[in-house]
Amino acid sequence: MYALVDCNNFFVSCERTLDPELENKPVVVLSNNDGCVVSRSKEAKDLGIPMAAPAFKYKELFKEHDVKCFSAKFELYNFKSQQVIRIASSYVLEFETYSIDELFLNLTGFKYINMYDYCLEIKNKIKDNANIPVSIGIASTKTLCKVANRIVKEFPEKFNGVYILDTPEKIEKALKWLNIGDVWGIGRKLAVTMQDNGVFKAWDLLQKPEMWVRKVMGIHGIRMINELKGIRQLELDSPSPKKSIAVTRSFMEMLTEKEDVRERVETFGMYCSERLRKQNTCCKMVTVFVQTNRFRKDLPEYRKAITQILPNPTNSSILIGRVVNELFETIFKEGFHYKKAGVIVNDFVPEDQRLINLFEKDAQNQHLPVMKAMDAMNKKFGKDKVRLGSMSGENTFGRKQLSPEYEAFLKNNILPEANFRFH
DNA sequence: TCTGGGGTCCTAGGACCC
DNA sequence: TCTGGGGTCCTAGGACCC
């Protein structure tokens, strides 16, 4: 059996650890630029605030019900996440960190203990030591763990935070209850296709011919129906190096000056380079994109991305900056209001296993010591304290709703590096 | 006025090879 | 007139996840 430990409305719960007064009150956490709602307390959900709601559309509602709003603080969330992972994983031999607020535990071989009691103890320990409420779903496959977790969250007082989905009878009942759109792996598009074909509950999918599922969902579909039947298709993954790194931002205000946008994308290129060096890899490919505000139908729209394959793999901020700049020159067009831009690097090789093109100049090895020295100083003295001349060192996105408790938290804690796999 | 960011995987189609 | 078959690799785009 596997167990899925999932933190309840994680970012909000993190805010509550700083300020107990927030307990039992409607609370939301906002994305960059305080743009969208990315986490909601139960009380906020009950007010009808949907996930990813644009904050400005709900200002009145927030005011009316005294909803507490916070800008996202990823330093805090990473810190709390690692606490939760440390506690939960100490109970098992094998686990997988699935996201910032979820981990799978392998309970195989635990047949002589009561799994419900064991997981209840894990849940309570996390609450006592990290002050984060979690739900735990137990089942034979990852997909069924997700189902079990949904059941826990749907009926909190009934199951006390832990639910085991084990017998065929319980599974059938659960799948006849679960909407197809809530199955792990069914997104918005697929949910519509499913409903158009008479599939409304998870159970309905199992009644469809396999060929149909294969056609509509591809190979994912076959895996999914097996997992729902309790036939294990997905193992616990061990941590693996990233395959791509992206730094993208929306700007607080739309930018029209070429030099302003250039400064942004060059800075994003630097951050990509830093993160490459942190994992000791070089990239062979760089992508730059720019786009206007897609919500402003009154303004001309423009979005363009361009990718270049590098002559030699690198993680030098200077070399990547140079490429970013060239790519930017070819896609930037005057006369538009730019709202968002980004740099993505991929196709990685380890730093010490680069294959060098004999006919191309290769400055990577000259740059590397300087770059590493820069990284070391920034680690010691703070982000962007040492930087290249093309970076302004200023953020063009805002975080307004920070609290005094948070300032205190930052002062009192040495914050760990973010280290998560995203899916 | 104001609408996030960072990931993975799969597939179809084209280029190219023998 | 008649014009194969099978494989690999790459890329863009689309789906999904948190």
Side-chain angles (χ1 to χ4, degrees), chain A residues 4 6-7 9-11 28-39 49-60 62 69 71-72 74 77-78 81 96-104 142-143 146 149 181-194 214-224 234 237 239-254 268 271-272 275 284-285 287 289 291-299 303-309 337 339-348 396-400 418-423:
Chain A
L4 172 61
D6 193 324
C7 301
N9 39 60
F10 182 56
F11 297 171
V28 298
V29 172
L30 306 175
S31 63
N32 269 346
N33 300 326
D34 298 329
C36 289
V37 174
V38 292
S39 183
I49 301 164
M51 188 60 175
F56 74 91
K57 284 192 180 170
Y58 287 83
K59 273 222 171 97
E60 290 303 309
F62 291 167
C69 300
S71 298
F74 285 98
Y77 310 150
N78 284 326
S81 171
E96 174 190 342
T97 303
Y98 179 68
S99 75
I100 192 163
D101 69 340
E102 283 170 71
L103 72 160
F104 287 100
K142 285 178 158 186
T143 308
K146 283 276 187 182
N149 219 295
D182 293 330
V183 175
W184 193 37
I186 303 280
R188 260 208 346 264
K189 296 264 179 175
L190 275 173
V192 172
T193 310
M194 290 293 159
R214 178 70 177 86
K215 209 178 105 212
V216 172
M217 301 182 57
I219 192 72
H220 278 139
I222 301 301
R223 276 209 290 264
M224 179 180 296
L234 304 167
D237 289 329
S240 52
K242 286 199 173 66
K243 295 179 176 171
S244 71
I245 290 173
V247 176
T248 71
R249 291 287 180 281
S250 295
F251 311 134
M252 194 129 67
E253 279 151 6
M254 292 186 284
F268 300 159
Y271 290 158
C272 284
R275 284 159 64 178
K284 293 197 269 189
M285 240 192 255
T287 301
F289 72 83
Q291 47 188 256
T292 52
N293 189 340
R294 67 184 203 279
F295 297 102
R296 288 292 294 269
K297 296 303 176 197
D298 53 325
L299 295 171
R303 44 171 65 208
K304 184 87 182 161
I306 185 170
T307 300
Q308 181 162 330
I309 298 173
H337 293 68
K339 178 63 180 173
K340 184 175 180 176
V343 174
I344 303 162
V345 293
N346 45 36
D347 209 348
F348 299 158
T396 42
F397 66 90
R399 290 202 299 191
K400 288 176 208 152
N419 180 26
F420 291 100
R421 303 181 59 225
F422 289 91
H423 289 250

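Every chain is numbered from 1, with letters handed out A, B, ... down the list of sequences. As a basis for the values below, the full set of heavy atoms in this structure was taken, side chains included, without hydrogen atoms, waters or symmetry mates. What you see is a predicted model; the values in this text were computed from it and never measured.
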| task | Kindly say if A/K59 contacts the phosphate of B/dT1, meaning a side-chain N or O under 4.0 Å from OP1 or OP2. | result | no
| Of the candidate nucleotides C/dA15, B/dG7, B/dG6, which contains the atom at the shortest distance from the side chain of A/S244? | B/dG7
| request: Would you mind telling me which of C/dA15, B/dG5, C/dT11 lies closest to the side-chain atoms of A/M285? | output: C/dT11
| task | Check every atom of C/dC16, B/dT3, B/dC10 against the side chain of A/K339 and return the nucleotide holding the closest atom. | result | B/dT3
| A/M217 has an atom CE; how far is it from atom P of B/dC10, in whole Å? | 13 Å
| task | For A/F268 and B/dG5, give me the distance from atom CZ to atom C1', rounded to whole Å. | result | 11 Å
| said: Measure NZ/A/K243 against C1'/B/dG6 and give the value in whole Å, please. | reply: 15 Å
| Any A/N33 side-chain nitrogen or oxygen under 4.0 Å from OP1 or OP2 of B/dG4 | no
| A/S39 side chain to A/V29 main-chain N or O, any donor-acceptor pair under 3.5 Å? | no
| Out of B/dT11, B/dG7, B/dG6, whichever nucleotide has its closest atom nearest the side chain of A/I219 | B/dT11
| query | A/K297 NZ to B/dT1 C1': how many Å, rounded? | reply | 18 Å
| field | Nearest-angstrom distance from the residue atom CD of A/Q291 to C1' of B/dT3 | value | 13 Å
| task | Could you tell me whether the phosphate oxygens of B/dC10, OP1 or OP2, come under 4.0 Å of any side-chain nitrogen or oxygen in A/R214? | result | no
| note | Between A/G218 and A/V38, the residue closer to the 5' end of DNA chain B by nearest nucleotide is A/V38
| said: Whether A/R296 contacts B/dC2 is assessed here as follows: a side-chain N or O lying under 4.0 Å from the phosphate OP1 or OP2. Is that the case? | reply: yes
| What is the pairing partner of B/dC18, taking Watson-Crick or G-U wobble pairs with both distances under 3.5 Å in any strand? | C/dG5
| Check: A/K284 side chain, A/N346 main-chain N or O, donor-acceptor pair, under 3.5 Å | no
| field | Nearest-Å distance for atom pair CZ/C1', residues A/F74 and B/dG7 | value | 13 Å
| query | Do A/T292 and A/L299 have side chains that get closer than 4.5 Å, going by heavy atoms? | reply | no
| query | Is the distance between the ring centroids of A/F74 and A/F11 under 6.0 Å? | reply | yes
| task | Look at the side-chain N and O atoms of A/T248 and state whether any lies under 4.0 Å from the OP1 or OP2 oxygen of B/dG4. | result | no
| Rounded distance in Å - CD1 (A/I222) to C1' (C/dA15) | 17 Å
| Nearest-angstrom distance, P atom, B/dC2 to C/dC18 | 30 Å
| Within less than 4.0 Å of OP1 or OP2 of B/dT3, is there a side-chain N or O belonging to A/S31? | no
| request: Determine whether the side chains of A/D34 and A/S71 contain a donor N or O and an acceptor N or O closer than 3.5 Å. | output: yes
| note | Closest of B/dC10, B/dG5, B/dG6 to the A/N32 side chain is B/dG5
| query | Would you say the side chain of A/Y271 lies within less than 4.5 Å of the side chain of A/V343, judging by non-hydrogen atoms? | reply | no
| task | For the side chain of A/R249, starting at C-beta, report the closest nucleotide among B/dT8, C/dC18, B/dG6. | result | B/dG6
| remark: Whole-Å distance, A/I100 CD1 to B/dG6 C1', equals 11 Å
| So which one's nearest nucleotide on DNA chain B is more toward 5', A/R275 or A/G35? | A/G35
| field | Touch class at under 4.0 angstrom, heavy-atom based, for A/I344 against every strand present | value | nothing
| query | Is there a side-chain polar atom (N or O) of A/S250 under 4.0 Å from OP1 or OP2 of B/dG4? | reply | yes
